[in-house]
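Encoded as structure tokens, the structure appears first; notes follow it.
For clarity, every value in this text was computed on a predicted model and none was experimentally measured. So that the names make sense, note that chain A is the first sequence line, chain B the second, and so on, each numbered from 1.
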Protein chains: 2
Amino acid sequence: MPTKCFIRGVIGSYTLFMVVRLKDIAAELGVSVVTVSRALRNRPDIAEETKAKILERVKRLNYRPNLTARSLVTGRSSLIGLVVPDLIHPFFGEIAKGLSNKLREKEYYLLVSSSESDPDLEQNEVEHMLAHHLDCFVVASCRKDTDSLRRISEAGVPLVLVDRSFPGFRSNFVGVDDVKVGELATEHLIAQGCKRIAHIRGPVTSIGDARVEGYRNALQRHRIKFAANYVVACGEASDSDGETRGRRAMEEILALKPRPDGLFCFNDTIALGAMERALEAGLRIPQNMAVVGCGNFHYSSKLRVPLSSVDQKSREIGERAAKMIMALLEKPPSARSRSVILEPELIVRESSKLK
Amino acid sequence: MPTKCFIRGVIGSYTLFMVVRLKDIAAELGVSVVTVSRALRNRPDIAEETKAKILERVKRLNYRPNLTARSLVTGRSSLIGLVVPDLIHPFFGEIAKGLSNKLREKEYYLLVSSSESDPDLEQNEVEHMLAHHLDCFVVASCRKDTDSLRRISEAGVPLVLVDRSFPGFRSNFVGVDDVKVGELATEHLIAQGCKRIAHIRGPVTSIGDARVEGYRNALQRHRIKFAANYVVACGEASDSDGETRGRRAMEEILALKPRPDGLFCFNDTIALGAMERALEAGLRIPQNMAVVGCGNFHYSSKLRVPLSSVDQKSREIGERAAKMIMALLEKPPSARSRSVILEPELIVRESSKLK
DNA sequence: CGGTTTTTCGTTATCGTTTACGAAAACCGC
DNA sequence: GCGGTTTTCGTAAACGATAACGAAAAACCG
């Protein structure tokens with residue numbers, strides 16, 4: 001139990017702690033609370049001499065301002081909310097790390113919520129987090145609609161979308177060009193000599209659709225005819241983990257006649273499951289089927305068959321989002337929203353190396 | 001910019017938002033602020049009729065209490081601080097997830113800090129987080145000393161250590177029995193017929209030492225003589241990533257005469273690096289060298305050679321820590337500290353399957 | 001029906017800080 | 001020395017909620 005006093009030490013088995021407030025320092029030095037506050041925030045209207053005196057005492061007493069109280073009056077909490085579908089997921093983990101490292105510079109802290117890919121949970125979490133009066137939200141929404149995003153906007157809290165944007169919903173955004181992602185992967189498979197390229201697509205969202213679009217663009221550019229049954233769906237992240245979804249999708253692909261000789265997967269986890277299933281079925285990768293994933297998760301290079309993957313620049317997404325937040329919070333009334341679209345990068349490994 | 005008013009709508013390109021306060025609801029219904037507060041917190045001293053009336057209005061206006069203000073007066077912030085060396089690390093990621101999911105039930109939120117395995121940064125982060133007046137800290141410290149932990153205790157904030165405890169520093173703790181971890185891995189290698197078992201040890205901390213102790217215990221139990229040069233160090237997490245550290249350690253191991261036929265690694269990432277290096281050197285795993293890691297990271301089963309690993313129950317650690325926090329915060333003055341020691345579990349895969 | 005208890009609700013103070021404003025002190029030029 | 005700045009500091013009022021206390025209203029009881 002923190003006690004407000006200047007005694008510090010052990011009495012019996014109880015330890016008394018001091019919780020120093022502005023008031024205490026002011027009283028000790030015989031100045032007013034406001035003067036101490038001014039010294040701490042480096043305000044101009046204070047004499048150098050008194051400032052030095054105060055800062056010395058502040059340091060000696062190990063004073064730390066109560067940010068809760070400050071927040072109440074200034075309306076700034078120095079807290080940023082991060083809402084992602086899954087904290088364990090390497091992609092979002094990297095984003096969190098990029099964010100956190102950059103935000104640290106300005107002493108912002110991250111309040112995280114892992115929505116477990118459950119739309120209702122996400123909405124609920126946003127609702128609760130709003131009560132904490134965060135300075136800004138960073139969201140990779142797992143919802144089909146924009147309900148949770150709108151709640152944030154309605155509350156007047158700045159918002160940065162990462163990874164997924166929502167057509168029709170104006171907002172700041174940081175992510176990669178997903179059409180380019182699809183093109184990069186597919187062009188590569190074509191260049192490797194694949195003739196029949198399948199795609200395990202992601203959910204029906206802006207991202208999933210954009211990747212399919214890129215996939216089609218590349219095929220068209222090389223006059224390969226698009227076959228609808230070569231694009232197989234594998235459900236949502238909320239259905240089951242990516243790996244089993246990848247396995248199931250591979251079942252379908254194995255049944256296709258003629259069998260595809262190239263495969264572009266929505267992400268590395270799905271690719272992993274698909275590859276495992278294909279290997280079990282006796283296929284050799286890449287000889288019988290070249291595979292490219294997406295996300296370049298850090299373990300993708302260590303797999304049974306090291307996986308080619310399109311890097312989504314997750315760390316950079318986090319860092320750029322952090323920069324955007326800082327800009328947003330420094331000069332608040334910038335009505336129009338900004339977008340940062342990063343270029344994806346293909347990393348080639350054994351799973352698609354045919355030449 | 002949130003405006004305090006009851007107008008809501010679009011004027012030109014500006015949207016006005018309402019920030020509803022207790023005061024507003026009270027004014028609308030002609031009751032006092034305290035009455036509304038009581039209704040919201042389900043206090044007994046309020047008539048059912050007025051309560052219903054208030055709750056209806058609260059719902060209709062979409063009121064959310066300002067937790068910052070509440071926190072200031074109650075001294076409870078509903079925020080839990082999580083300090084880990086690395087957010088991306090699957091082990092800590094799982095802990096974060098376990099914590100977050102459990103804490104959600106009581107509407108606690110997680111403020112995270114990834115210290116990047118930098119002791120100074122950790123200290124700094126703790127210092128700053130203290131200013132936010134969190135209700136409790138969960139820490140996996142990367143420091144050699146207990147300085148950051150002591151700062152938390154001195155501030156009178158409840159503390160739960162996870163993964164690593166510090167002998168001599170009394171505190172709540174949730175983790176696995178690390179001596180058992182070492183025993184489990186080593187006993188298994190012995191049972192598989194390994195005669196010369198090496199160990200890539202972790203940093204010189206309670207954990208690293210305990211695992212070595214378990215390793216020695218198992219050897220002794222089977223009358224295998226302990227050779228000091230079979231225990232190779234690989235530096236600290238802050239030096240470089242586990243994988244390259246594992247590779248470097250394997251260099252040393254490959255130079256040992258006679259060459260070990262079994263290897264127990266401090267964690268899966270190190271094991272991964274070590275295995276990669278061994279494979280490059282032409283060794284076959286497990287035939288020439290059986291390998292067991294620790295942590296059972298979710299990708300360990302998907303590696304080139306699926307890796308046997310001692311599961312550290314990371315998710316459960318998070319959940320148990322969450323439970324402990326709730327207990328701590330409900331009945332505060334429990335002076336003595338509690339420990340939860342979980343049993344590790346060995347998961348056998350190809351990397352060590354000899355029989 | 002008076003007195004006591006119980007229920008219900010309002011008043012006031014408080015949490016630790018910042019903002020707005022104004023007063024005193026110091027400085028300045030003439 | 002006297003008006004007018006400028007510097008330095010203090011007072012008072014927030015911020016949005018809860019805690020402690022007490023008063024009015026209602027209910028109960030003999």
Side-chain angles (χ1 to χ4, degrees), chain A residues 1-5 18-55 58 61 63-78 130-135 155-156, chain B residues 1-5 18-55 58 61 63-79 107 130-135 155-156:
Chain A
M1 283 286 88
T3 314
K4 278 155 204 166
C5 66
M18 59 180 183
V19 172
V20 189
R21 299 152 300 170
L22 284 188
K23 197 195 289 186
D24 301 317
I25 298 176
E28 281 216 336
L29 293 170
V31 296
S32 85
V33 173
V34 181
T35 307
V36 182
S37 173
R38 271 194 275 256
L40 279 163
R41 286 172 302 140
N42 211 24
R43 282 306 171 89
D45 51 352
I46 185 173
E48 280 303 326
E49 190 190 3
T50 44
K51 183 156 112 182
K53 202 171 59 182
I54 291 172
L55 289 182
V58 159
L61 291 181
Y63 168 82
R64 288 217 150 268
N66 181 332
L67 294 187
T68 308
R70 173 182 292 177
S71 166
L72 186 58
V73 53
T74 63
R76 312 291 288 274
S77 63
S78 299
L130 279 170
H132 279 282
H133 285 237
L134 311 180
D135 286 348
Chain B
M1 282 287 87
T3 313
K4 278 155 203 163
C5 65
M18 59 179 182
V19 173
V20 188
R21 299 152 300 171
L22 283 189
K23 196 197 290 186
D24 301 316
I25 297 177
E28 281 218 335
L29 292 171
V31 296
S32 85
V33 173
V34 180
T35 307
V36 182
S37 174
R38 271 194 275 254
L40 279 164
R41 286 174 301 140
N42 211 22
R43 283 304 171 91
D45 50 352
I46 184 172
E48 280 303 325
E49 190 190 4
T50 44
K51 184 156 114 181
K53 200 171 61 181
I54 291 172
L55 289 182
V58 158
L61 291 180
Y63 168 83
R64 289 218 147 268
N66 181 333
L67 295 187
T68 307
R70 174 183 291 177
S71 167
L72 187 57
V73 53
T74 61
R76 313 292 289 276
S77 63
S78 299
L79 297 177
E107 303 191 2
L130 280 171
H132 279 282
H133 285 237
L134 311 180
D135 285 348

Q.
As a test of reading the structure: which of D:dC9, D:dA19, C:dT19 is closest to the side chain of A:T74, going by heavy atoms?
A. C:dT19
Q.
Measure CG/A:L22 against C1'/C:dC15 and give the value in whole Å, please.
A. 13 Å
Q.
Are the side chains of A:N42 and A:K51 in contact, using a 4.5 Å heavy-atom criterion?
A. yes
Q) How long is the span from the CD atom in B:E48 to the OG1 atom in B:T50, to the nearest 0.5 Å? A) 8.0 Å
**Q.** Atom-to-atom span, CZ of A:R76 to P of D:dG16 - whole angstrom
**A.** 16 Å
Q: Check DNA chain D against residues 65-72 of chain A and give the residues with a non-hydrogen atom under 4.0 Å, in numerical order.
A: A:L72
Q.
Starting the side chain at C-beta, find the nucleotide from C:dT17, D:dT11, D:dA17 nearest to A:Y63.
A. C:dT17
Q.
Can you measure B:R21 atom CZ to D:dC15 atom C1' for me and round it to whole angstrom units?
A. 10 Å
Q: Would you mind reporting whether B:Y63 and B:L40 have side-chain heavy atoms less than 4.5 Å apart?
A: yes
Q | Whole-Å gap separating P (D:dG16) and CZ (B:R64) | A | 17 Å
Q. OP1 or OP2 of C:dG10 sitting under 4.0 Å from any side-chain N/O of B:T35?
A. yes
Q) How long is the line joining CD1 of B:I25 and P of D:dG16, in whole Å? A) 13 Å
Q: Rounded to 10°, tell me the angle between the two end axes of the helix from C:dC1-D:dG30 to C:dC30-D:dG1, each built from five pairs.
A: 40°
Q) Separation of B:K23 atom NZ from D:dT18 atom P, in whole Å? A) 14 Å
Q: Kindly point out which of D:dT18, C:dT17, C:dT11 is positioned nearest to the side chain of A:V33?
A: C:dT17
Q | Interface with DNA chain D, restricted to residues 39-53 of chain B and to heavy atoms under 4.0 Å | A | B:R41, B:R43
